[in-house]
Visitor: 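I am attaching a structure below and will ask some questions about it afterwards.
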Amino acid sequence: MGDTFFDVVASRRSIREFLPDPVPADVLERCLEAARMAPSTSNIQPWEYVIIRSPEARAEANGVCFNQRGTASAPLLVAVVAHMDTWKRTSRHILDTLEGRGILRKSQTQYWGRHVPIIYTWGPLGLFGLLKKAYGRLGSLLRPTPNLMNRSDVRAMIHKSTALSAATFMLALRAEGYDSCPMEGFDPWRAKRLLGLGRRAEVCMFLAVGKRGPKAIWWERILVPRDWSVREI
Ligand SMILES: Cc1cc2nc3c(=O)[nH]c(=O)nc-3n(C[C@H](O)[C@H](O)[C@H](O)COP(=O)(O)O)c2cc1C
């Protein structure tokens with residue numbers, strides 16, 4: 001593998017068979033640091049990386065992921081969680097940090113203090129969310145209007161940011177000479193129970209992590225034609 005960014009991107013593949021070599025703590029730490037720097041909506045950083053260490057939890061997690069080949073052989077399994085309610089403490093943290101740096105502006109207090117809470121609130125039975133959504137849709141007929149979100153919009157939004165962080169983590173692993181397999185194939189309810197997640201958190205994906213084994217890649221990369229993925233207007 002070369003070491004340019006593009007070599008790293010091209011050599012990342014989803015690995016279905018891992019060598020038993022453990023992932024060194026310093027490698028994992030650098031990759032987590034990279035993942036933490038990913039962009040996120042309103043800088044809310046809604047992700048949480050749960051490193052599955054205990055053998056009991058690992059055995060259960062393998063089952064939750066249907067003992068897929070990637071999961072079973074990986075020396076390390078990580079759950080990437082998306083949180084819908086950590087925006088409160090993050091907003092506070094951002095405002096406190098800006099204040100501590102002596103650069104807090106009124107517009108920022110308004111943004112994280114008033115605007116963000118409205119974005120992330122959908123109210124009992126989701127009614128406030130529906131109202132917001134309808135108001136936003138009507139407004140959009142008249143002028144460009146932000147997406148005034150209901151619960152499912154918020155859910156999509158936090159999963160977007162979390163997946164970007166997970167992608168950064170996977171590319172960082174590749175840059176360190178390690179591999180991964182992202183997994184959507186898991187039981188979401190059992191995954192939540194295993195990780196002790198409440199109503200407002202979901203597993204975005206599991207990541208099997210390690211070094212690729214000899215039968216790691218099933219076939220050469222298959223890409224759809226470029227014009228299915230890219231167009232200009
Ligand atoms: C969100 C997501 C979920 C995925 N879930 C699974 C999975 O459950 N099991 C699996 O073997 N591969 C899974 N994959 C891997 C894809 O099959 C793989 O990325 C795709 O076939 C392209 O291959 P490549 O990653 O080697 O380029 C997932 C990928 C993503 C991004």
Side-chain angles (χ1 to χ4, degrees), residues 1-54 57-58 61-62 65 68-83 86 90 93-94 97 156-186 191 195 202-224 226 228-230:
M1 188 183 83
D3 56 3
T4 72
F5 174 74
F6 294 99
D7 294 328
V8 168
V9 171
S11 66
R12 184 218 53 80
R13 295 299 311 275
S14 293
I15 295 307
R16 273 58 178 246
E17 186 196 70
F18 289 91
L19 298 174
D21 314 27
V23 182
D26 62 322
V27 169
L28 180 62
E29 197 45 46
R30 278 194 295 277
C31 297
L32 289 169
E33 282 307 292
R36 290 180 58 215
M37 287 190 246
S40 65
T41 175
S42 302
N43 198 20
I44 291 301
Q45 302 160 60
W47 49 73
E48 181 189 25
Y49 286 76
V50 183
I51 317 296
I52 300 172
R53 293 271 186 221
S54 99
R58 176 57 196 270
N62 284 355
C65 296
Q68 293 191 42
R69 293 186 60 171
T71 335
S73 63
L76 182 66
L77 192 60
V78 177
V80 188
V81 177
H83 286 277
T86 50
T90 306
H93 179 71
I94 290 169
T97 305
M157 181 173 71
I158 57 146
H159 278 283
K160 271 184 226 175
S161 296
T162 303
L164 284 174
S165 171
T168 307
F169 183 61
M170 287 187 275
L171 291 175
L173 284 163
R174 189 79 283 270
E176 292 277 355
Y178 285 80
D179 294 292
S180 59
C181 185
M183 278 171 302
E184 182 107 60
F186 60 86
L195 302 172
E202 293 175 355
V203 176
C204 175
M205 65 185 87
F206 279 90
L207 291 174
V209 179
K211 266 192 191 287
R212 60 183 71 181
K215 293 189 202 127
I217 298 170
W218 289 347
W219 48 68
E220 286 301 304
R221 178 174 266 129
I222 302 171
L223 295 182
V224 297
R226 185 183 182 279
W228 294 8
S229 302
V230 183

Visitor: Which heavy atom of G210 sits nearest a heavy atom of V23, and at what distance?
Guide: CA-CG2, 4.0 Å
Visitor: Which heavy-atom pair separates R16 from W218 by the least distance, and what is that distance?
Guide: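 Closest approach of R16 to W218: CG-CZ2, 3.3 Å.
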Visitor: Got C204 and W47 here, is their nearest side-chain heavy-atom distance under 4.5 Å?
Guide: no
Visitor: Out of curiosity, I15 CD1 to I217 CD1, how far, rounded to the nearest 0.5 Å?
Guide: 4.5 Å
Visitor: Using 0.5 Å steps for rounding, measure from the CG atom of D179 to the CE atom of M170.
Guide: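 Taking CG in D179 and CE in M170, the distance rounds to 11.5 Å.
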Visitor: Go through the steps to decide whether K160 and T41 satisfy the test side chain to side chain contact (heavy atoms under 4.5 Å, CB included), and finish with yes or no.
Guide: CA-CA 9 Å; K160 271 184 226 175; T41 175; over 6 Å; no
Visitor: Side-chain contact test, heavy atoms from C-beta onward, threshold under 4.5 Å: evaluate it for C181 versus S14 and give yes or no.
Guide: yes
Visitor: What heavy-atom pair brings I51 and L32 nearest, and what distance separates the two atoms?
Guide: CD1-CD1, 4.2 Å
Visitor: OG of S180 to CG of L207: how many Å apart, nearest 0.5 Å?
Guide: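 So the OG of S180 and the CG of L207 are separated by 6.0 Å.
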Visitor: Does R58 CZ have over 12 foreign heavy atoms under 6.0 Å away?
Guide: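 Yes, the 6.0 Å shell around CZ holds more than 12 heavy atoms from other groups.
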Visitor: Considering residues, nucleotides and ligands other than R221, do more than 12 of their heavy atoms fall under 6.0 Å from its CZ?
Guide: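 More than 12 heavy atoms, drawn from other residues, nucleotides or ligands, come within 6.0 Å of this atom.
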Visitor: Main chain of A34, side chain of T168: is a donor-acceptor contact present, judged purely on distance under 3.5 Å?
Guide: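 Flag not set: sc T168 to bb A34 has no pair under 3.5 Å.
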Visitor: Given 3.5 Å as the limit, does a donor-acceptor pair link the side chain of S165 with the main chain of A38, or not?
Guide: no
Visitor: Whether the side chain of Q45 engages the backbone of N43 through a donor-acceptor N/O pair (distance < 3.5 Å, no angle test) should be reported.
Guide: yes
Visitor: Going from CZ on R30 to CD on E176, what distance comes out if it is rounded to the nearest 0.5 angstrom?
Guide: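 Taking CZ in R30 and CD in E176, the distance rounds to 4.0 Å.
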Visitor: Please give me the minimum heavy-atom distance between T162 and A82, naming the atom from each residue.
Guide: OG1-CB, 3.5 Å
Visitor: What distance separates I158 CD1 from S40 OG, expressed to the nearest 0.5 Å?
Guide: 11.5 Å
Visitor: What is the minimum heavy-atom distance between Y49 and A166, and which atoms define it?
Guide: OH-N, 3.2 Å
Visitor: Could you check whether any side-chain N or O of Y178 sits under 3.5 Å from a backbone N or O of A172, counting only pairs where one atom can act as donor and the other as acceptor?
Guide: no
Visitor: Count the heavy atoms belonging to other residues, nucleotides or ligands that lie under 6.0 Å from NZ of K211, then report whether that count exceeds 12.
Guide: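 Yes, NZ of K211 has more than 12 neighbouring heavy atoms, counting only those of other groups under 6.0 Å.
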Visitor: Do the side chains of P214 and L19 get nearer than 4.5 Å, heavy atoms only?
Guide: yes
Visitor: When you measure from the side chain of E17 to the backbone of K215, do you find a donor-acceptor pair of N or O atoms at a distance under 3.5 Å?
Guide: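 Looks like yes, one N/O pair under 3.5 Å.
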Visitor: Please assess F206 against V80 for the test side chain to side chain contact (heavy atoms under 4.5 Å, CB included), listing each intermediate value before the final yes or no.
Guide: CA-CA 6 Å; F206 279 90; V80 188; over 6 Å; no
Visitor: Closest approach of V203 and L195, non-hydrogen atoms and distance?
Guide: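 Of all heavy-atom pairs spanning V203 and L195, the closest is CG2-CD1, 3.4 Å.
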Visitor: Going by heavy atoms in the side chains, are L28 and F169 under 4.5 Å from each other?
Guide: yes
Visitor: Supply the atom-to-atom distance R53 CZ to L77 CG, rounded to the nearest 0.5 angstrom.
Guide: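 So the gap between those two atoms works out to 11.5 Å.
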